[in-house]
There are 2 protein chains.
Amino acid sequence: MSTSVYTPGQVSEETGFSLDTLRYYERIGLLEPIGRNAAGQRRFTQEDIGWLGMIRCLRDTGMPIAEMLRFAELVRKGEHTIPDRIALLEAHDRRVEAQVGNLREKQTAIRNKIGYYRSVSC
Amino acid sequence: MSTSVYTPGQVSEETGFSLDTLRYYERIGLLEPIGRNAAGQRRFTQEDIGWLGMIRCLRDTGMPIAEMLRFAELVRKGEHTIPDRIALLEAHDRRVEAQVGNLREKQTAIRNKIGYYRSVSC
DNA sequence: GCTTGACCTGGAGCCGACTCCAGGTGGGAT
DNA sequence: ATCCCACCTGGAGTCGGCTCCAGGTCAAGC
């Protein structure tokens, strides 16, 4: 089993994060220091990519970076923080739920507006 | 029928926009110039409040201010822009739909993660 | 053996959307 | 009368989250 690694370009391609964003995330500690080859270039592992997938989920659901940092720290501190991680993710899940609810509600209003415009213009 | 007006404080209370945000929106032209009393203080009409409700919907569903400005201009230009307004709102509605879909998808992943953590820690 | 292109660094810049500030005015309740 | 509080203005500041830049290093293909 080859311990395959990925170049920044490949990771950017795969995760949708820009090269700058990947470097930025490493700088602020959202990613642990990424491994390097002899020339000092980053080589991401499968695990890094998995973690970036998690980051992607949290970002896309509106979690601020500050909170993702807290989550990252919990992960680093080891297994005994799993209950805390669950709590954090559950709280976030509730916010996502609320977000969807709010979105749906506002969407209905927008659709009503469209309907109104249609009734006026026809 | 009294043409009732509202103070900035009341409008802020009712719409959830801060006083500064209300002034900001007027400055950038998202609100038309708000009426004033003798002392130069703003007095919002029911219509202003209705428009702010629309703004609230669009903001909360992620429309950038630049696009709300375009919409505001259409509204100002009169009835003949109604088809354009419909088009704009429909495009936005599609984005909202996509947003909800993405949110749901990511939420599922987060819930799976929670489930995984539970399976590990129990 | 040279070019090309992907990568490196530290630091500055940008963008959207507010938010705050200083210094000033006016009006209603006590 | 006086106090206080809500309001006013123009302009500066903040914040989150990237994004860009200059100047440099390697590696591989032609």
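Just so we're on the same page: letters track the sequence lines, and every chain starts at 1. FYI, side chains are in, hydrogens and waters are out, and symmetry mates aren't considered; it's all heavy atoms of this structure.
Between the side chain of B:D48 and the backbone N or O of B:T45 there is at least one donor-acceptor pair closer than 3.5 Å.
Contact annotation: B:Y25 side-chain N/O to C:dA17 OP1/OP2 distance is not under 4.0 Å. Contact check, B:S18 against C:dC18: no side-chain N or O comes under 4.0 Å of OP1 or OP2. Side-chain N/O atoms of A:R42 include none lying less than 4.0 angstrom from OP1 or OP2 on C:dC7.
Regarding A:M68, its CE atom lies at a distance of 7 Å from the P atom of D:dC18, rounded to whole Å. The separation between A:E67 atom CD and D:dC15 atom P is 19 Å, rounded to whole Å. Between the OH atom of A:Y24 and the C1' atom of C:dC15 there is a distance of 14 Å, rounded to whole Å. C:dT19 atom P lies 13 Å from atom CD1 of B:I28, rounded to whole Å. What separates CG of B:L31 from P of C:dA17 is a distance of 15 Å, to the nearest Å. For the pair A:L19 CG and C:dC8 P, the computed distance is 8 Å after rounding to whole Å. For B:R43 and D:dA6, the CZ to C1' distance is 9 Å, given to the nearest whole Å.
Residue pairs satisfying the salt bridge (charged side-chain N to carboxylate O under 4.0 Å, His left out) criterion with at least one member in residues 34-43 of chain A, sequence neighbours excluded, are listed as follows: A:E26-A:R36, A:E26-A:R42. The stretch residues 63-75 of chain B participates, sequence neighbours left out, in these side-chain hydrogen bond (donor to acceptor under 3.5 Å, both in side chains) pairs: B:E67-B:R95. Within the structure, the salt bridge (charged side-chain N to carboxylate O under 4.0 Å, His left out) test picks out the following pairs touching residues 78-92 of chain A (sequence neighbours left out): A:E90-B:R118. Every pair passing ring-ring contact (aromatic ring centres under 6.0 Å, His included) that includes a residue from residues 39-97 of chain B is listed here, sequence neighbours excluded: B:W51-B:F71. For residues 10-29 of chain A, the ring-ring contact (aromatic ring centres under 6.0 Å, His included) pairs, not counting sequence neighbours, are A:F17-A:Y25.
Side chains of B:L22 and B:V11 form a contact here, defined as non-hydrogen atoms less than 4.5 Å apart. B:I82 has its side chain within reach of B:I86: a pair of non-hydrogen atoms, C-beta onward, lies under 4.5 Å apart. Annotation: side chain of A:Q107 is not in contact with side chain of A:L103 (no heavy-atom distance under 4.5 Å). Taking the side chain as every heavy atom from C-beta outward, A:N102 and A:Q99 never approach each other to under 4.5 Å.
The hydrophobic side chain of B:V5 is isolated, with no ILVMFWY side chain under 4.5 Å apart from it.
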Heavy-atom contacts, protein to nucleotides 20-30 of chain C, under 4.0 Å, summarised as B (base), S (sugar-phosphate only) or - (none) per nt, yield B-----S----

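In the region residues 6-17 of chain B, proximity to DNA chain D at under 4.0 angstrom, judged on heavy atoms, holds for B:T7, B:P8, B:G9. Residues of residues 54-64 of chain B having a heavy atom closer than 4.0 Å to DNA chain C, listed by number: B:R59, B:P64. Residues from residues 93-101 of chain A that place a heavy atom under 4.0 Å from any atom of DNA chain D: there are none.
If you take CG on B:L31 and OG1 on B:T21, they are separated by 11.0 Å, rounding to the nearest 0.5 Å.
The side-chain hydrogen bond (donor to acceptor under 3.5 Å, both in side chains) check on A:E14 picks up nothing, with sequence neighbours excluded. Listed by chain and residue number, nothing satisfies the side-chain hydrogen bond (donor to acceptor under 3.5 Å, both in side chains) test with A:T15 (two or more places apart in sequence, or in another chain).
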